[in-house]
Amino acid sequence: MTMLITMTKALAASVAICLTASVALAADIAVVGGKTDDAFWSKIKKGVDDSRFVVEANGGKVTYLQLQTYDNLGPDAAGLVRTAISQGVTGLVVPNWVPEAEDEAIKAAADSGIKIILMNAGSLDKAKELGAINYVGSDEYLAGIAGGEYFGKSGQKNVLCVNTLPGSANQEARCKGVIDGITKAGGTGKQLPLPATSFGDPTAIAEAIKATLTQDGTIDGVITIGAGDADAAASGIQQAGKVESVKLGSFDFNEAGLDRIKNSAQLFAVDQQPYLQSLLSVSLLASHIDFGTDLPVKPVLTGPGIVDASNIESTLSGVSKGAR
């Protein structure tokens, strides 16, 4: 009897230890992201929500920390990283939009033992520098190259890259890539930097594009850094009376943009598959924290891809389910 009691106590103690260990290892992940009323970030949020099922099934949780505006992008993102640190999370998924503003906070998170994946904005080199385990997203410079070359193959010679978030590393890389891509194809390009306050202000964006096209009649291609900006650009091109001579492209897309592509009113969109970015980031990070797994594939690239008239129907099918 004494031996049975002893064995029972030992078993109970071992169960308690296992339960404690499982609680300690359960992933508690914070995801820093953009506004959920933003068409692009709503897709990111869907990926977060879908990955949440797996995380919670293993005893963990996922919290989405969103920016309230884009007016102070880098410092506000750094503030959200510090919020995550104060909450005692074990995992962090974060875009490295403005390195000079965010790097210190991200390094502090890594130094505190938080496991990190850079998502959407960054690179594998930056991930290594900051102590993150991987980067999941598109290579923004290569995405820009793809867009610039597509314009060149379609006959455009002078392309304008409209940047409503100047200073943001990923947007600067996009525009640089566009300019290098069209230059490689034998054309030329330049960036139109607009104040960050113009982001989400279709009137301001349309007016700026209209004015630029009116001043420079040689511009025959316009590309925007986001889907909402493309809606405004379409209006600006129309107001300038340049619908026939200026072709429109965009990074990312919304339903209006896809309708324009389907109806030949927009040439293409560069897709980075935002749904996959968050779905993979959260799932991979949770698995790493919970089970010690890791991927030999670094970085994990979700783009770039080109959406145009050739694949518009399959893309629209994904849109109907909220994931494209």
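Keep in mind that what you see is a predicted model, and the values were worked out from it rather than measured.
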Quick check: do [X] and [Y] have side-chain heavy atoms less than 4.5 Å from each other?
| X | Y | result |
| --- | --- | --- |
| V62 | D28 | no |
| P304 | D271 | no |
| L258 | T315 | yes |
| S278 | K45 | no |
| L267 | S154 | yes |
| R324 | V307 | yes |
| Q66 | V31 | no |
| N163 | L194 | no |

List the atom of [X], the atom of [Y], and the distance in Å for their closest heavy-atom pair.
| X | Y | value |
| --- | --- | --- |
| I219 | K190 | CD1-CE, 4.2 Å |
| I29 | V282 | CD1-O, 3.8 Å |
| P193 | P166 | CB-CB, 4.1 Å |
| D290 | A26 | OD1-CA, 3.3 Å |
| A30 | L65 | CB-CD1, 4.0 Å |
| A132 | L118 | CB-CG, 4.2 Å |

Once rounded to the nearest 0.5 Å, what's the spacing between atom [atom1] of [X] and atom [atom2] of [Y]?
| X | Y | atom1 | atom2 | answer |
| --- | --- | --- | --- | --- |
| I289 | I133 | CD1 | CD1 | 7.5 Å |
| E172 | N170 | CD | CG | 9.5 Å |
| I179 | C161 | CD1 | SG | 6.5 Å |
| I85 | L92 | CD1 | CG | 7.5 Å |
| L73 | S168 | CG | OG | 5.5 Å |

So, [X] and [Y]: side-chain donor and acceptor under 3.5 Å apart, yes or no?
| X | Y | answer |
| --- | --- | --- |
| Q277 | T302 | yes |
| D220 | Q156 | no |
| E140 | Q171 | no |
| T63 | Q87 | no |
| D229 | T164 | yes |
| Q272 | N120 | yes |

Can you run down the ring-ring contact (aromatic ring centres under 6.0 Å, His included) pairs that involve [range], sequence neighbours left out, and say none if there aren't any?
| range | result |
| --- | --- |
| residues 222-251 | none |
| residues 89-147 | W41-W97 |
| residues 256-282 | Y150-F268, F151-F268 |
| residues 44-88 | Y70-F199 |

Salt bridge (Lys or Arg N to Asp or Glu O under 4.0 Å) contacts in which one or both residues fall within [range], not counting sequence neighbours:
| range | value |
| --- | --- |
| residues 141-155 | E149-K184 |
| residues 303-321 | K262-E313 |
| residues 83-110 | D103-K126 |
| residues 54-75 | none |

Check against side-chain contact (heavy atoms from CB on, under 4.5 Å), N96 and I106: CA-CA 9 Å; N96 190 227; I106 296 173; 3.6 Å; yes
Once side-chain hydrogen bond (donor to acceptor under 3.5 Å, both in side chains) is applied, do any residues pair with [X], and if so which ones, sequence neighbours excluded?
| X | result |
| --- | --- |
| T293 | S287 |
| D139 | none |
| Q273 | none |

Spell out, yes or no, whether [X] and [Y] are grouped together once hydrophobic residues are joined by side-chain heavy atoms under 4.5 Å, including indirect joins.
| X | Y | value |
| --- | --- | --- |
| L160 | I145 | no |
| V246 | L248 | yes |
| F40 | V319 | no |
| I306 | I223 | yes |
| V162 | V159 | no |

Taking [Y]'s backbone N and O only, do any of them form a donor-acceptor pair with [X]'s side chain (distance below 3.5 Å, no angle check)?
| X | Y | answer |
| --- | --- | --- |
| D201 | T197 | no |
| N254 | G257 | yes |
| S51 | L279 | no |

Give the C-alpha distance, both sets of side-chain angles, the deciding distance and a yes or no for side-chain contact (heavy atoms from CB on, under 4.5 Å) between V93 and V32. CA-CA 6 Å; V93 175; V32 173; over 6 Å; no
Go through D294 and K115 one step at a time and tell me if the salt bridge (charged side-chain N to carboxylate O under 4.0 Å, His left out) criterion holds. CA-CA 12 Å; D294 200 2; K115 302 299 183 182; over 6 Å; no
Full working for side-chain contact (heavy atoms from CB on, under 4.5 Å) between D231 and R260: CA-CA 9 Å; D231 296 340; R260 285 193 298 270; 2.9 Å; yes
Determine, stepwise, if the pair N158 / T218 fulfils side chain to side chain donor-acceptor pair (under 3.5 Å). CA-CA 7 Å; N158 187 358; T218 67; 2.7 Å; yes
Identify all side-chain donor-acceptor contacts of residues 203-213 below 3.5 Å with residues at least two apart in sequence or on another chain.
residue	atom	partner	partner atom	Å
T212	OG1	A208	O	2.8

Using side-chain contact (heavy atoms from CB on, under 4.5 Å), reason through L67 and L80 one step at a time and then give a plain yes or no. CA-CA 8 Å; L67 295 170; L80 291 178; 3.8 Å; yes
Apply salt bridge (charged side-chain N to carboxylate O under 4.0 Å, His left out) to R52 and D49, showing your working. CA-CA 5 Å; R52 191 189 309 275; D49 290 341; 2.8 Å; yes
